[in-house]
Amino acid sequence: MAKSFSIRHQPGFTTIAAVCFVALYMPIIVLVVYAFNEAPSTSEWGGFSLKWFQSASQNAQVIDATLRSFQIAAIAATLATIAATMAALATTRTPPYPGLTFKYAMINQPLMVPEIVTGVALLIFFSRIKIFTGYSGLGYLIAAHTAFCIPFAYLPIRARLENMDLSLERAAADLYATPWQAFRRVTLPLLWPGILAGLMLAFVISLDDVVITEFVKSGGQDTLPTYMLGQIRRGITPEINAISTAFLLLSVVIVTLFFFVSRKRD
Amino acid sequence: MPEQPGKNAIEVRGVRKVFGSGEAAVAALDTVSVSIRENEFFTLLGPSGCGKTTLLRLIAGFDYPSAGEILLYGDDIALLPPFKRPVNTVFQSYALFPHMTVAQNIGFGLEMLRKPKAEVKARVAEMLKLVRMEHLASRRTSQISGGQQQRVALARALAPQPKVLLLDEPLSALDYKLRKEMQIELKRLQNQTGITFIFVTHDQEEALTMSDRIAVMSSGKILQVGSPWDIYDKPADRFVADFIGETNFLTASIAGVENGKARATLKSGATITASVADGFQPKAEATVVVRPEHAKLTKGKAELSGTVENIVYFGTDTHIHVRLDGSNDLFIVRQQNARSAGCGFEAGDKAGIAIGDDAAQVLRD
């Protein structure tokens, strides 16, 4: 008897899938394994050790870059989430009008414009401001990160709002809630999972950024990724593997949280 | 129909609502005026797109009229935001807050009005009792059935004691049996609370059974306002006659219009006395309507005559379709059934159709 046709079982599918998974995960597995290498090499195994984690955690530059990364990510993700929440409310709590699609495109622009272009543009723009104001602090990096994090925060929040019955806010207004009370008591509690998801996504995206940060940062403003990039230029030690492994773990934890939060429906 | 004395809860005066602009402008409401009395169960009835929901939304404050006034006990509220109107709404989708319990939902309006906690608590308890939901007070709204959600929505809208309660097709999501129960429940709640109800529906039966008065709407206009009896027995125009119940349309020449009555001479030559719709302008020929149950089928000669074509049994009654002599139109007679007896006619029989003195109505168009 002939087997029934299934789109999932076609010649080559399994092979292609296997190749893709190996290409994707093998390097990461190798990287993680060598983070525990006793020998100062990323290719020759010299026994199990945690010494690279220990040395990384005592490296003043690593600590400095990590703290800076977290500081920028926390502030930028918060600002981006606030802006994205307002943008999502403005674009969903209104009857469709001509130009709305254009506004979606404007908000999501950082997803489409090549990062290198944004990086160069910000470099030129900020250097002018630096000359005028003399200010060269973290503000530039925070502003840049906020800008490109907005669409990542915006998408889950908007998705949540679009699934929310508009008549709930109407009902609140009907029951004497002012616009602010309706937002506080009805919209915000129902939107909360979306906002949290947006915040976490924005945080991870900010933490991970290299290209724009590389262009915008002033001297002594390395974030963890740009520090790692700089170290690699001087030759790789398993310390980089250890930092990468810690970074990977953190990202996995946050993305997992994001997944559970955004899946929550009540 | 002359206005009866008594206070008007809502007066809609010359209200227009236009959506879009320029070439694409559509008048959802075309200069509508209507008065709704205090303590009345008033129904806006019409097919979808007739403007009934638009009018309700204007009264609720979810939208603003392009022109005209909406008075609530004499004050123009047309431009007030919804949270400043002492008017509450029961939504078609119920719109219960999913993150609150049944009791929190019911208390929401009172809380927004900054009523003391003790008063809110007492009022919520009272409302729960009114809709018989005491045992489910602490449930989430997602954990109760559709009929129960409907009752919570009602209790929530009634709790702040609105001057007018608006109901936007609230029964349409319920199954037939539950809908019948809720119709009775709604009438009971209205009697018990004494609040003016404005009810929107496209279901003519619902409108007839529940309302004190009905406004029939079509294409953004109110065609007729009256009691269920008026609307059913004395439809003003063709749309109203056709939309509500079944009707036979006849053409007649009209003479001697006086005191709302006239003599109508049918094409068969017979002359009957008929009531005349308000706003009837004398003209040579007019449309006369006769409800199927107001005509009688006879063996002998009568006002109309024809051949029985079809007999449809409905349990409580039988519909007999008669092809009229001369005009060749179909006329339907509804006859109450008796036990163990046929309707007395068979397809192909010659029959007369008797139309009594109070059986026919002359339409204005």
Side-chain angles (χ1 to χ4, degrees), chain A residues 81 85-86 88-103 156-199 260-266, chain B residues 19-21 24 53 56-57 59-63 80-101 104-115 120 140-143 149 152-162 164-170:
Chain A
T81 305
T85 304
M86 296 196 285
L89 284 168
T91 49
T92 56
R93 289 327 191 224
T94 171
Y97 56 90
L100 192 59
T101 318
F102 177 70
K103 281 184 191 166
I157 296 171
R158 186 182 136 200
R160 182 90 189 169
L161 272 174
E162 277 178 343
N163 284 330
M164 223 169 97
D165 189 356
L166 201 63
S167 64
L168 291 176
E169 285 139 316
R170 273 207 196 110
D174 188 63
L175 292 162
Y176 313 107
T178 60
W180 172 246
Q181 283 173 318
F183 177 73
R184 253 308 274 112
R185 297 292 305 275
V186 175
T187 316
L188 196 58
L190 293 172
L191 191 57
W192 201 236
I195 292 177
L196 219 53
L199 182 75
F260 280 113
V261 165
S262 60
R263 226 179 39 156
K264 193 181 154 222
R265 291 269 179 277
D266 48 358
Chain B
F19 290 111
S21 58
T53 299
L56 198 78
R57 286 165 48 85
I59 298 172
F62 303 139
D63 217 333
L80 283 184
F83 57 90
K84 287 188 179 160
R85 301 181 187 210
V87 167
N88 292 137
T89 306
V90 178
F91 293 82
Q92 188 170 12
S93 59
Y94 313 146
L96 297 176
F97 304 128
H99 57 301
M100 298 182 194
T101 65
Q104 285 168 336
N105 264 280
I106 297 174
F108 188 84
L110 296 163
E111 218 184 301
M112 291 299 114
L113 289 171
R114 297 180 191 283
K115 300 281 182 202
V120 175
R140 289 272 172 148
T141 55
S142 53
Q143 297 166 329
Q149 290 182 7
V152 176
L154 266 166
R156 185 180 69 174
L158 284 170
Q161 289 171 300
V164 175
L165 184 76
L166 308 175
L167 303 108
D168 183 11
E169 308 218 23

- Item | From CG (A:L166) to OG (B:S93), nearest 0.5 Å | 10.0 Å
- Item | Side chain / backbone / both / neither for B:L96 at chain A, heavy atoms under 4.5 Å | backbone
- What closest approach, in Å, do B:R114 and A:Q181 show between heavy atoms, and which atom pair accounts for it? NH2-NE2, 3.9 Å
- Message: Using heavy-atom distances under 4.5 Å, tell me whether B:V90 contacts chain A through its side chain, its backbone, both, or neither.
- Response: neither
Indicate every side-chain donor-acceptor pair of residues 170-177 of chain A with a distance under 3.5 Å to a residue at least two apart or in another chain.
from   : atom 1 : to    : atom 2 : distance (Å)
A:D174 : OD1    : B:T89 : OG1    : 3.0
A:D174 : OD2    : B:T89 : N      : 2.5
A:D174 : OD2    : B:T89 : OG1    : 3.4
A:Y176 : OH     : B:N88 : OD1    : 3.3
A:Y176 : OH     : B:N88 : ND2    : 3.4

- Message: If I compare all heavy atoms of A:R185 with all of B:E111, which pair ends up nearest, and what's the gap?
- Response: NH1-OE2, 2.7 Å
- Query: Between atom OH of B:Y94 and atom CG of A:D165, what is the distance when rounded to the nearest 0.5 Å?
  - Reply: 12.5 Å
- Note on the structure: The interface call for B:Q92 against chain A, heavy-atom contacts under 4.5 Å, is neither
- Hey, which of B:P81, B:P86, B:P162, B:A157 has the most heavy atom pairs under 4.5 Å with chain A? B:P86
- Message: Just verifying a value: how many Å separate A:L190 CG and B:M100 CE, rounded to the nearest 0.5 Å?
- Response: 8.0 Å
- Item | B:R156 versus chain A, the contacting section by heavy-atom distance below 4.5 Å | both
- Query: Near A:R93 CZ, under 6.0 Å, is it more than 12 heavy atoms from other residues, nucleotides or ligands?
  - Reply: yes
- Item | Which atoms of B:F97 approach chain A - backbone, side chain, both or neither, heavy atom under 4.5 Å | both
- For A:Y97, look at atom OH and say whether over 12 heavy atoms of other residues, nucleotides or ligands are found less than 6.0 Å away. yes
